[in-house]
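Heads up, the thing below is written out as structure tokens.
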2 protein chains.
Amino acid sequence: MSAREKILDTALKLFNDKGTAAVSTNHIAEAAGISPGNLYYHFRNKEEIIRELFQRLNTTWETYQPLPQDRAPIINDLEAVIKSNYQIIWQYRFAYRELVALLRQDAELRANFLAVRQRGYEGFHQLLHTFSDAGAIRLPDDPQIANELQEICWLISEFWLTSLEVNGRKVNEAEMQRGVNLIRRVIQPYLA
Amino acid sequence: MSAREKILDTALKLFNDKGTAAVSTNHIAEAAGISPGNLYYHFRNKEEIIRELFQRLNTTWETYQPLPQDRAPIINDLEAVIKSNYQIIWQYRFAYRELVALLRQDAELRANFLAVRQRGYEGFHQLLHTFSDAGAIRLPDDPQIANELQEICWLISEFWLTSLEVNGRKVNEAEMQRGVNLIRRVIQPYLA
DNA sequence: GTCTATATAATGATAGAC
DNA sequence: GTCTATCATTATATAGAC
């Protein structure tokens with residue numbers, strides 16, 4: 001593995017473990033088994049490492065094909081999508097825990113992340129309508145209500161894992177399933 | 001105002017503006033118009049300042065009387081409660097943005113905060129049943145479902161403002177009302 | 001209680017040898 | 001590309017005068 005990759009992998013692990021503030025470039029270099037000077041050969045500073053990790057995250061979201069293409073989607077597919085979302089968020093949990101701070105201190109990072117996120121939100125909108133067209137759910141006729149339901153589901157997706165952590169709960173398969181259940185509960189009254 | 005109060009007020013403002021990581025004890029002292037040495041006379045370190053701010057927040061939650069005592073509650077009272085919650089969270093927004101990190105690095109702070117939060121959650125449970133008894137809402141018979149609904153409402157309460165900030169939206173009365181509407185949307189199918 | 005001065009350590013970042 | 005050595009800057013924390 002290249003030094004650059006080692007730095008990024010190590011930084012992700014440390015950020016997830018201790019938060020970006022508590023991790024210095026020296027810590028990253030030491031944990032990656034390289035010298036501080038070498039780290040600065042590959043990255044200008046910590047901000048650039050964070051930016052690159054966000055870039056990885058963005059790529060993950062962008063290349064992510066949530067639904068099976070060979071058949072009409074059923075309601076269980078929605079659960080699978082949400083679970084995949086949780087997995088990705090957990091992989092980059094430092095980003096979601098510190099989102100407000102990280103986005104504020106770096107305009108470029110904010111622009112890129114929000115653009116990808118916006119596409120994701122639109123994709124989720126499409127997804128719900130795909131399920132609706134396939135007869136798996138019955139979206140309310142009032143688009144305002146449908147939008148509110150989507151917004152609630154999105155918020156749960158994005159913050160459920162953080163909420164678990166605040167509660168001091170282990171994040172595991174079972175707890176992720178509980179997060180899926182909550183979203184199901186929101187749309188339950190609108191199931192076909 | 002005493003130096004101690006000045007330090008706490010200034011720290012809260014700076015933490016809310018820039019995040020705890022970007023604010024040093026020197027910054028706080030300078031903005032408060034006192035010397036660094038004086039700050040260390042009143043507080044052992046930044047952690048203790050954060051701890052004291054959390055103590056204030058805890059006191060705010062504990063002394064908080066959400067419902068009018070002189071009459072049976074109506075559904076609009078629930079909206080008022082949620083709005084008050086948003087106001088308090090916004091006042092201490094640094095805490096909610098960085099909750100996972102802050103709770104992890106200070107066991108005493110975590111214990112106190114979680115105890116107060118747990119009582120708040122139980123109070124919210126009570127509240128819903130008060131509304132149910134007063135006929136303002138009709139809670140589902142299945143307690144599991146009722147608990148899930150409560151959990152969803154709680155999550156929206158706690159993370160709606162952060163979600164707004166991630167979206168780059170101004171946090172104002174209208175947006176808080178939207179957050180109230182989302183919670184209303186969750187319980188809408190269970191209204192009397 | 002409050003200040004100035006200062007010690008100690010950590011962090012971010014660069015220069016130059018290999 | 002990678003290292004060692006180094007440095008300027010900042011942050012934390014304390015001592016001692018007033």
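Residue numbers start from 1 in every chain, and the chains themselves are labelled A, B, ... in the order their sequence lines are given, proteins ahead of strands. For clarity, every value in this text was computed on a predicted model and none was experimentally measured. All heavy atoms count here, side chains included; hydrogens, waters and symmetry mates do not.
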Path from A/Ile88 to A/Tyr86 over hydrophobic side-chain contacts below 4.5 Å: yes
hydrophobic_cluster_shared for A/Ile49 and A/Tyr41, side chain cutoff 4.5 Å: no
Take atom [atom1] of [X] and atom [atom2] of [N], then tell me their distance rounded to the nearest Å.
| X | N | atom1 | atom2 | result |
| --- | --- | --- | --- | --- |
| B/Met1 | C/dG1 | CE | C1' | 16 Å |
| A/Ile7 | C/dA13 | CD1 | C1' | 14 Å |
| A/Lys6 | D/dG1 | NZ | C1' | 11 Å |
| A/Glu47 | C/dT11 | CD | P | 18 Å |
| B/Arg4 | C/dT2 | CZ | P | 12 Å |
| A/Ile49 | C/dT11 | CD1 | C1' | 13 Å |
| A/Leu39 | D/dT2 | CG | P | 11 Å |

B/Arg44 atom CZ, over 12 foreign heavy atoms within 6.0 Å: no
CG (B/Asp142) with more than 12 external heavy atoms under 6.0 Å: yes
Heavy-atom protein contacts under 4.0 Å, nucleotides 4-18 of chain D, coded B base, S sugar-phosphate only, - none: B------SBBB----
Carboxylate-amine/guanidinium contact B/Arg51 B/Glu48, below 4.0 Å: no
Candidate pair A/His42 and A/Glu52, rule side-chain contact (heavy atoms from CB on, under 4.5 Å), full reasoning: CA-CA 11 Å; A/His42 289 286; A/Glu52 189 57 37; over 6 Å; no
